[in-house]
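What follows is one structure encoded as structure tokens, with my remarks underneath.
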There are 4 protein chains.
Amino acid sequence: MIIELNMQSEEPIYTQLIHQVIEGIASGQLQPGEPLPSVRSMASDIGVNLHTVNKAYNLLKQGGFIQIHRQRGVVVDPDGVPAATDSDRARQQQQLRPIIAEAICRGMKEAELIHAVQSIYRNIVSGTKEREL
Amino acid sequence: MIIELNMQSEEPIYTQLIHQVIEGIASGQLQPGEPLPSVRSMASDIGVNLHTVNKAYNLLKQGGFIQIHRQRGVVVDPDGVPAATDSDRARQQQQLRPIIAEAICRGMKEAELIHAVQSIYRNIVSGTKEREL
Amino acid sequence: MIIELNMQSEEPIYTQLIHQVIEGIASGQLQPGEPLPSVRSMASDIGVNLHTVNKAYNLLKQGGFIQIHRQRGVVVDPDGVPAATDSDRARQQQQLRPIIAEAICRGMKEAELIHAVQSIYRNIVSGTKEREL
Amino acid sequence: MIIELNMQSEEPIYTQLIHQVIEGIASGQLQPGEPLPSVRSMASDIGVNLHTVNKAYNLLKQGGFIQIHRQRGVVVDPDGVPAATDSDRARQQQQLRPIIAEAICRGMKEAELIHAVQSIYRNIVSGTKEREL
DNA sequence: GTGGTCTAGACCACG
DNA sequence: GTGGTCTAGACCACT
């Protein structure tokens, strides 16, 4: 899986990494049980410090996305990511709220916004197809 | 309009402030042309640093939400917020993408996600009604 | 509050720090809402690196023991530590189990073991008294 | 005796092994003088590295739980595990202290904690019954 | 001045 | 070779 980082972005590198891995899992490019590069090799692959990757991996582990095995490296959680809890949903709403509020201010209609969400949803999921070919 | 800040949140205070003002405009609680408290009084009202309010106001101005007049103070942009540009939409997608990816990982279906977005959309817009009573 | 670290111990410094803070809270030496030294001052006080303290503080925050405010520093959670959840109890049992098994092997009777637990419990709680004088 | 390892656990495999053997002895499932599988066969049985089993056995020997004879293999110490020394008790207290402190923080009363310890104690000891049936 | 992020380089426990 | 821990020193965002 290819990781693309934007070193100029305001978004911290470790969150970019987290987002890319999550999207990889969402799209099916990363299958449950599939191994991820070791902290060190990932770090050298994408040209960042080992600690930055480590932080990302640990947060992904906390979120239930991956498992970190003692000395055998990192794998996508074989049992799949745990289903959304109430606190996940609450957090999600907190994140969505300001985005939606701005959209409303800028005149986006409900249908338009939903269409945008749909497009992104399908775009992510359709990442699977590359595998299925 | 009542500003509620969460001093424990990870979200910086100035962004919380920005979000609240934007949501106020989206909901109609803040009408175009309506004056906002001066930097100074807002700061003392909500008990934060002048710089913090200043930063929030400047960014809101940059986003086209408010106007800052040297002597006349701060007002919600009387011409309404400029419609979403392509760059706005691109930014919006960047923000939505990781949220949607996580939702997919956690097993949320498209319909479920759209329903969540709809609920928030309507919840914000219906903030208007408080004024209409 | 005095922090005592054993640099020779096998126990990582950051966990020692965590344990000491938790015991401080348990004993009442650290009251809810009471500020803790900043990452930097704690680090220089106890002669370790700032990152080590940072890690300890972040884990304490995760456990609900302290709050880390943006730029105002670190305080003991003013609302008190959240009550034990089922997962807390499960984890506790996992920790106790091998200790108790060894005690049994070494011939400690139930009463003796319970007495040991009681002694420690009371010894920690009675740390309060220093404040009450 | 059945060894169950959790390869995902944070706890090192060799300590898990140690704990299981100790609990086996505590419960009576492993009787004094009873032979344990050789390093080699234990390793292949549970699918771990030879070194890992070796380390566990050596530490168990150090703790007085087992004897390792060059040719005759590994046996549970026929004279029983040596009674707790002062240093054993001191170590035990060091281990219990942070667990108890956390319990106090999370609002567990003395009686509740003691009850938890009792339950575990009896649960381990009653492992004997399986043999007695 | 506060915590957050990132880099660089080292040693250790584990398997 | 793997992740975990620790140190050292730097820059940044926030208030």
Side-chain angles (χ1 to χ4, degrees), chain A residues 5 7 9-17 35-44 46-59 61 66-75, chain B residues 5 7 9-17 43 46-56 59, chain C residues 5 7 9-17 35-44 46-59 61 66-75, chain D residues 5 7 9-17 43 46-56 59:
Chain A
L5 296 180
M7 306 305 279
S9 165
E10 302 223 330
E11 193 184 3
I13 295 174
Y14 78 94
T15 53
Q16 291 186 48
L17 232 177
L36 260 55
S38 77
V39 173
R40 280 174 178 74
S41 67
M42 170 69 91
S44 76
I46 60 182
V48 303
N49 189 279
L50 139 181
H51 291 101
T52 307
V53 177
N54 208 344
K55 180 164 189 174
Y57 276 4
N58 272 303
L59 288 168
K61 173 182 141 197
I66 64 173
Q67 288 183 348
I68 302 180
H69 288 74
R70 315 214 112 275
Q71 263 63 24
R72 288 190 294 155
V74 180
V75 299
Chain B
L5 298 179
M7 306 305 279
S9 164
E10 309 251 311
E11 195 185 1
I13 294 173
Y14 80 93
T15 54
Q16 290 187 50
L17 235 175
I46 59 182
V48 302
N49 195 295
L50 282 178
H51 300 348
T52 307
V53 178
N54 217 334
K55 179 161 191 176
L59 287 167
Chain C
L5 297 179
M7 306 304 279
S9 165
E10 301 224 332
E11 194 185 3
I13 296 174
Y14 78 94
T15 53
Q16 291 187 47
L17 232 177
L36 259 56
S38 77
V39 173
R40 280 172 178 74
S41 66
M42 171 69 92
S44 76
I46 61 183
V48 302
N49 190 280
L50 139 180
H51 292 100
T52 306
V53 178
N54 208 344
K55 179 163 192 177
Y57 276 3
N58 272 304
L59 287 167
K61 173 181 141 199
I66 65 173
Q67 289 183 347
I68 302 179
H69 289 76
R70 313 214 110 278
Q71 262 62 24
R72 288 190 294 155
V74 179
V75 299
Chain D
L5 297 179
M7 305 304 279
S9 165
E10 309 250 312
E11 194 184 3
I13 294 173
Y14 79 95
T15 54
Q16 289 186 50
L17 235 176
I46 60 182
V48 302
N49 196 295
L50 282 179
H51 300 347
T52 308
V53 178
N54 217 333
K55 180 162 190 176
L59 286 167

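So you know, we letter chains A, B, ... as the sequences are listed, proteins then strands, and number each from 1.
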If pairs are Watson-Crick or G-U with both distances under 3.5 Å, what is the dot-bracket string of DNA chain E, marking crossing pairs with [ ] and pairs to another strand with |?
||||||||||||||.
Tell me: CE of Met42(C) to P of dT2(E), nearest whole Å?
13 Å
Carefully, step by step, assess Ile46(B) and Ile13(B) under the rule side-chain contact (heavy atoms from CB on, under 4.5 Å).
CA-CA 11 Å; Ile46(B) 59 182; Ile13(B) 294 173; 5.8 Å; no
When you compare the side chain of Met42(A) with that of Val74(A), does any pair of heavy atoms fall below 4.5 Å?
no
His51(C): side chain to side chain donor-acceptor pair (under 3.5 Å) partners, not counting sequence neighbours
Asn49(C)
With sequence neighbours excluded, what pairs up with Ser9(B) under the side chain to side chain donor-acceptor pair (under 3.5 Å) test?
none
It should be established whether Lys55(B) places a side-chain nitrogen or oxygen under 4.0 Å from OP1 or OP2 of nucleotide dC14(F).
yes
Quickly work out the Leu59(C) CG to dG4(F) C1' distance and round it to whole Å.
12 Å
OH of Tyr14(D) to CG of Leu59(D), rounded to nearest 0.5 Å, is 6.5 Å
Listed partners of Pro35(C) passing side chain to side chain contact (heavy atoms under 4.5 Å, CB included), at least two apart:
Val75(C)
Can you tell me which nucleotide in dC14(F), dG4(E), dG3(E) comes closest to the side chain of Val74(C)?
dG3(E)
Grab the CG-C1' distance between Asn54(C) and dC6(F) for me, whole Å please.
13 Å
Ser38(A) side-chain proximity, nearest of dT2(F), dC14(E), dT5(F):
dT2(F)
Under 3.5 Å, N/O pairs linking protein and nucleotides 9-12 of chain F:
residue	atom	partner	partner atom	Å
dG9(F)	O6	His51(C)	NE2	2.7

Over how many whole Å does the gap from His69(C) atom NE2 to dG4(E) atom C1' extend?
16 Å
Of Glu11(B) and Leu36(A), whose nearest nucleotide on DNA chain F comes first from the 5' end?
Leu36(A)
Could you tell me how far apart Leu5(B) (CG) and dT15(F) (C1') are, to the nearest whole angstrom?
13 Å
Consider the side chain of Thr52(C), meaning its heavy atoms from C-beta on, and name the nucleotide among dT7(E), dT5(F), dT7(F) that approaches it most closely.
dT7(F)
Quick one: Gln16(B) CD to dA13(F) P, roughly how many Å, whole number?
19 Å
Side-chain touch Val48(C)/Met7(C), heavy atoms, less than 4.5 angstrom:
yes
All side chain to side chain donor-acceptor pair (under 3.5 Å) counterparts of Ser41(C), not counting sequence neighbours
Ser38(C)
Between atom CD1 in Ile68(A) and atom C1' in dG1(F), what is the gap in whole Å?
16 Å
From the candidates dT5(F), dG3(F), dG4(E), the one with an atom nearest any side-chain atom of Tyr14(C) is dT5(F)
Measure from the side-chain heavy atoms of Pro12(C) and tell me the nearest of dT5(E), dT5(F), dG3(F).
dT5(F)
Using side chain to side chain contact (heavy atoms under 4.5 Å, CB included) as the criterion, list what pairs up with Leu50(C), not counting sequence neighbours.
Val39(C), Arg40(C), Ala43(C)
With sequence neighbours excluded, residues passing side chain to side chain donor-acceptor pair (under 3.5 Å) with Thr52(C)
none
First encountered from the 5' end of DNA chain E, between Ile13(A) and Pro37(C):
Pro37(C)
